[in-house]
Amino acid sequence: MKRVLSGIQPSGNLTLGNYIGAMKNFVKLQHDHECYFMVVDLHAITVPQEPAALREQTEAVAALFIAAGIDPSKASVFLQSHVPAHAELGWIMTTLVYMGELERMTQFKDKASGKESVGAGLFTYPALMAADILLYNADLVPVGDDQKQHLEITRDLAQRFNSRFGDHFVVPEPYIPKVGARIMSLDDASKKMSKSNPNPGSSIALLDEPDVIRKKISRAVTDSGREVKYDPANKPEVSNLMTIYSHCADISIADIEARYEGQGYGPFKKDLAEAVVGALEPLQQRYKDIRASGELTRILRQGAEQAGEIANRTVREAKQKMGFVLP
Ligand code: TYM
């Protein structure tokens, strides 16, 4: 069975972008792959986090994994910091990656731009991410489009290690959705929808109340035309809303075009809002149930045990190959 690993940062409220770009594929892949899904809390602290918020968001993301449909009896769900091998192999990867490679990362450039001081961890972030993936010898990594560059570095580091120290790591492949790999902001279709955008109107959070979702969609920016047509180059706002609709209502883009022909944006946006509310309602109910049940601690403990077994073995063998004296 092929192995799958992915992670999400607990650095804000998860959005529809995270769901469509990544989590939907986590749920799909768990049925016929050996899956590891984690909350990457060590990555979240590459930008300052308030301790109480970090704790709450970490538990919220873990609960959202389950609420979205990940079955902990099929996939291991865990926190990155519960498996110390991530930090250990992360350090090893930091010694293998080149400064020039890190300097080219657009995520670093975006996050560092305009900041007076930037933590070194934000710069070396991709080395830790490579470790996350290589520890499990993952074949596939389900992610959105914005993580492609990090996957490239991971592949390069796997190959670099293998050629220097002998075959050890599987070279992973990204698994990116054909439609929905990059959901854009509701207020600016040139920017991706992001959980760290301070304007709440720019994104739909998975835990937004139905009326908040309706309001955000009715205020979403569109062009001044009235044709519901998928044309990302000329109509990026409407095309983005159509992508969201297609995922939430499970209908094709062509069917959406046919359904709203000649009707303008009003009816389209109204139905879109109900499609999003309908898609998120069961998830929100499950989320409440899981948080109230107190089950999360047990699920995360079990996930970390399963993940730790594989990760510890991989890091041990990597150290042996590199010439470390093992205890
Ligand atoms: P993060 O936490 O920013 O996002 C989690 C996942 O959601 C995807 N995503 C999107 N997809 C479509 N449209 C959007 N607007 C959108 N916004 C986010 C991301 O591509 C990602 O798949 N570096 C990673 C976390 C990470 C990781 C890993 C991922 C750490 N280690 C190992 C995979 C494997 C990140 O910052 O994701």
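In listed order, ligands and their atoms are each counted from 1. The residues of the chain are indexed from 1 along the displayed sequence.
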*Between Asp289 and Arg286, is the closest basic N to carboxylate O distance under 4.0 Å?*
no

*Any salt bridge (charged side-chain N to carboxylate O under 4.0 Å, His left out) pairs touching residues 245-257, not counting sequence neighbours?*
none

*Taking the six-membered ring for Trp and the full ring for Phe, Tyr or His, determine whether the centres of Tyr136 and His86 are under 6.0 Å apart.*
yes

*Do we see a donor-acceptor contact under 3.5 Å between the side chains of Gln147 and Gln107?*
yes

*Near ligand 1, at a heavy-atom separation below 4.0 Å: residues by chain and residue number*: Leu5, Ser6, Gly7, Ile8, Gln9, Gly17, Asn18, Gly21, Ala22, Val40, His43, Tyr125, Met129, Asp132, Ile133, Val141, Val143, Gly144, Asp146, Gln147, Gly180, Ala181, Arg182, Ile183, Lys192, Met193, Lys195

*Under 3.5 Å donor-acceptor, Gln149 side chain and Arg104 backbone*: yes

*Test item: side-chain donor near acceptor, Thr58 and Asp41, under 3.5 Å*: no

